[in-house]
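Presented below is the structure to which this report refers.
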Amino acid sequence: MSFRRDFITKPIFSWARGVLPSMSDTEREALEAGDVWWDADLFTGNPDWSKLLGYAPATLTAEEEAFLHGPVDELCAMLDDWKINWEWRDLPPEAWAFIKRHKFFGMIIPKEYGGLGFSPYAHSEVVRKLSSRSLTAAVTVMVPNSLGPGELLMRFGTKEQQQQWLPRLADGRDIPCFGLTSPEAGSDAASMIDTGIICKGQFEDREVLGLRLNWHKRYITLGPVATLLGLAFKAYDPDHLVGSQEELGITVALIPTHLPGVEIGKRHLPAMQVFQNGPNWGRDVFIPMDYIIGGQERLGQGWKMLMTALAAGRGISLPSLSAAGAAYAARTSGAYARIREQFGISISRFEGIEEPLARIAGTAYLLDAARRLTCAALNQGRHPAVISGIMKLHATERMRIAIDDAMDIHGGKAVIDGPQNYLGNLYRSVPVGITVEGANILTRNLIVFGQGAIRAHPYLLDEMNALGEADRARGLDAFDKAFWSHVGHSFKTMFRAWGRSWSFGMFAPAPDAGDATKFYRQLSRYSSAFALCADMALLTLGGALKRKEMLSARFGDILSELYLLSAALKRWQDEGRQQADFAALEWCMASGFKTIENRFAEILNNLPNRFVAVILKFLIQPFGSRVVGPTDRVVHLCAQLVLSPSAARDRLTADLSHVDDDRGVFRLEKAFLLVTAADDISKKMHAARLHDWNEAVQKGVITQSEGERLAAAHEAVAKVIEVDDFAPEALSPIYRKAADVHQFFQELGEQRAAS
């Protein structure tokens with residue numbers, strides 16, 4: 001007999017069982033999908049920085065490097081983004097053939113099945129480079145390597161299914177897509193009404209047990225050209241042919257699109273992006289049971305399978321595309337700001353331009369750091385569900401900010417569309433990334449903290465499992481152990497948070513990291529404050545916290561910042577503490593700390609239990625929110641990273657596509673190099689108050705050679721700042737028709753005159 005268990009824990013256990021909100025099967029499966037990683041350390045309130053710095057950084061093998069600088073570069077050279085989007089409305093046939101021939105669709109498929117067997121980091125690097133050349137190509141390549149039949153077959157398929165389908169997916173004989181979203185079910189996929197009824201039917205001239213499917217899916221990428229459809233539906237067994245249960249739950253199966261009853265719809269046009277995307281239907285489509293991914297024993301397990309696969313997929317594809325977008329914005333905006341003059345000086349010298357430039361550069365540094373850290377986890381075989389949610393949400397949101405800033409800096413250059421506009425299509429594509437693979441509003445308000453609090457907390461999941469234990473005695477024992485461990489943890493966290501907050505993190509644990517040591521101390525301080533506030537919110541609100549979405553979102557923002565800033569510190573360490581990059585790290589830290597402190601203030605102002613809120617404010621924020629963001633000095637230094645050719649600029653924008661096509665980005669890079677190389681010559685001209693280089697040569701201010709270099713730079717700049725224009729008949733069929741009528745009457749008049 002245990003006095004504590006029977007007289008103290010037992011009443012708490014009974015009360016908690018009564019107030020614990022019910023959890024649907026889909027919620028439980030989503031929570032159990034994937035695993036935890038560095039997010040669990042952050043949730044302890046006392047992260048072990050040696051563990052973070054000890055993680056091996058993501059790297060490429062020699063084979064992966066060769067692919068990135070061989071077939072990937074070759075594919076980039078084949079792509080003309082203007083023609084793809086505005087003339088062809090698709091990738092050219094030779095690009096499709098090249099993608100299949102070089103097994104871009106089989107990057108994640110093991111070599112034993114004919115794939116490339118690449119690591120998650122290699123997958124990420126390929127998507128990153130392609131994204132900087134053509135979003136249509138990047139999306140086309142990334143989807144088969146993310147959530148889809150290939151990923152699901154590798155993880156859950158039977159040996160026979162893997163041997164049959166993976167080689168065909170690897171070499172492009174089959175093009176895959178995955179049908180999840182339907183008109184009735186977007187973010188709430190569990191509410192889909194697509195059905196599969198277990199029955200007997202004819203398949204390949206024999207009667208077999210299978211499912212008769214009816215579905216309607218939309219927004220399906222690669223759907224219009226797919227030959228193999230992965231399908232999510234709800235399985236039912238009304239005649240009890242496989243068991244006593246009638247509603248079996250969400251199931252996933254493979255559907256060859258040539259089967260009778262499968263109807264592939266026309267194409268969607270998502271935000272003027274022309275990657276293949278469209279609806280499809282199935283009407284009384286019969287498949288045998290062995291078309292269920294994983295076979296009959298996987299009936300009803302589809303939701304957990306999808307969530308597990310998504311836990312990895314969301315950490316690669318869209319974060320890679322977003323990191324590329326931010327780096328691309330940094331490289332192009334820095335170059336354009338440097339070469340563009342207004343009021344007789346480069347606009348890069350205006351503080352109003354420096355501020356968004358610094359924001360773009362800092363964002364590029366942060367997103368790529370987080371991408372690399374997440375890929376390091378995936379390379380280790382981890383499937384961090386909460387981190388993947390953080391990455392998808394914050395990568396796409398911050399890309400949106402970076403692209404908006406880039407558009408503002410470029411002004412009319414980025415507004416006028418045409419082959420010379422290298423930003424317009426990226427700007428139009430942003431809402432697609434925000435929306436797909438889990439809408440960002442949902443992810444921020446419900447998933448990051450809602451899932452993180454349960455999965456990453458050191459004790460909460462154990463407590464919940466104990467409360468849900470059917471055997472009450474066993475549940476009480478487990479709860480007693482977890483609950484009191486939780487109580488002890490909470491008291492330690494309270495004293496940590498109190499001491500670290502009142503000392504401004506001066507004595508918080510940190511590794512010896514040179515100039516960055518102070519940043520680790522602050523993250524240790526904020527981590528303990530976060531753990532304390534999270535515990536108090538869970539204690540005072542319980543299951544009601546699930547409905548306090550704005551509070552949940554603020555907690556999620558803090559957890560996200562802790563992860564992203566950890567990644568930035570890890571990057572700086574892994575790259576050898578490059579002092580030239582320190583301004584970007586400073587900008588990231590100051591911006592992140594400001595967000596964290598503001599979110600704490602918002603939580604304390606809105607926590608329903610005002611007594612607890614006052615105590616927490618006394619403990620963790622007695623002097624209010626004090627961090628105001630990057631100083632003007634940091635903003636200036638961070639902006640300078642992208643305003644001159646340097647190793648720091650190249651590190652910030654590494655592995656983007658560079659194609660010599662004498663327009664767009666190529667012209668910009670050429671002008672940038674010429675202008676920066678001629679900077680000293682321009683200074684001589686300005687000092688002499690001369691504008692004509694010929695006059696400057698005649699007066700001996702500069703040499704003839706210097707004058708010619710300056711003229712070449714000016715000519716290159718003029719080519720960059722020019723924008724496209726079009727004949728009316730090239731844009732509108734109305735004008736083409738008018739031109740045809742005009743030509744007809746002109747020719748008729750000429751004939752009459754001749755006769």
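What's counted below: heavy atoms across the whole structure, side chains too, no hydrogens, waters or symmetry copies.
Checked against the 6.0 Å centroid threshold, Trp37 and Tyr55 count as a close aromatic pair. Separation of the Phe43 and Phe530 ring centroids falls under the 6.0 Å cut-off.
Between Ile316 and Pro120, the closest heavy-atom pair is CD1-CB, 3.7 Å. Pairing each heavy atom of Ser485 with each of Lys481, the nearest pair is OG-O, 2.9 Å. Nearest heavy atom pair, residue Thr517 against residue Asp512, reads OG1-C, 3.9 Å. Across Ser527 and Asn46, no two heavy atoms sit closer than the pair OG-N, 4.0 Å. When all heavy atoms of Ser124 and Cys375 are compared, the closest pair comes out as CB-SG, 3.6 Å. The two residues Ser528 and Ala497 have their closest heavy-atom pair at OG-CA, 3.5 Å.
Just one residue in the list Glu597, Glu561, Arg500 forms a side-chain hydrogen bond (donor to acceptor under 3.5 Å, both in side chains) with Tyr526, and that residue is Glu597. For the salt bridge (charged side-chain N to carboxylate O under 4.0 Å, His left out) test with Asp574, the passing option among Arg577, Lys570, Arg571 is Lys570; the others fail.
For Arg474, the CZ atom counts as loosely surrounded, since its 6.0 Å shell holds 12 or fewer non-hydrogen atoms of other residues, nucleotides or ligands. Counted within 6.0 Å of CZ on Arg4, heavy atoms from surrounding residues, nucleotides or ligands total more than 12; the atom is thus considered enclosed. The number of heavy atoms from other shown groups lying within 6.0 Å of CZ (Phe507) does not exceed 12. Other residues, nucleotides and ligands contribute only 12 or fewer heavy atoms inside 6.0 Å of the CZ atom of Phe491. With a 6.0 Å radius and a threshold of 12 heavy atoms from other residues, nucleotides or ligands, Lys617 has its NZ atom above the threshold. Around the CH2 atom of Trp498, the shell of radius 6.0 Å holds no more than 12 heavy atoms that belong to other residues, nucleotides or ligands. Sparse packing is recorded around CD1 of Ile441, with 12 or fewer heavy atoms of other residues, nucleotides or ligands lying under 6.0 Å away.
Arg521 places no side-chain N or O within donor-acceptor distance of the main-chain N or O of Gly505, the cut-off being under 3.5 Å. Formation of a donor-acceptor pair under 3.5 Å by the Glu64 side chain with backbone atoms of Ser119 is found in this model. Side chain of Lys392 to main chain of Gly433: a donor-acceptor pair is present (N/O by atom type, distance under 3.5 Å, no hydrogens or angles).
Ion pair Arg128/Asp368 flagged as a salt bridge, since at least one NZ, NE, NH1 or NH2 atom sits closer than 4.0 Å to an Asp/Glu carboxylate oxygen.
Every residue was checked against the ring-ring contact (aromatic ring centres under 6.0 Å, His included) condition with Tyr563, not counting sequence neighbours, and none meets it.
The aromatic rings of His486 and His489 are tilted relative to each other, their planes meeting at an angle between 30° and 60°.
Taking CZ of Arg398 as the reference point, atom CG of Leu367 lies at 7.0 Å (rounded to 0.5 Å).
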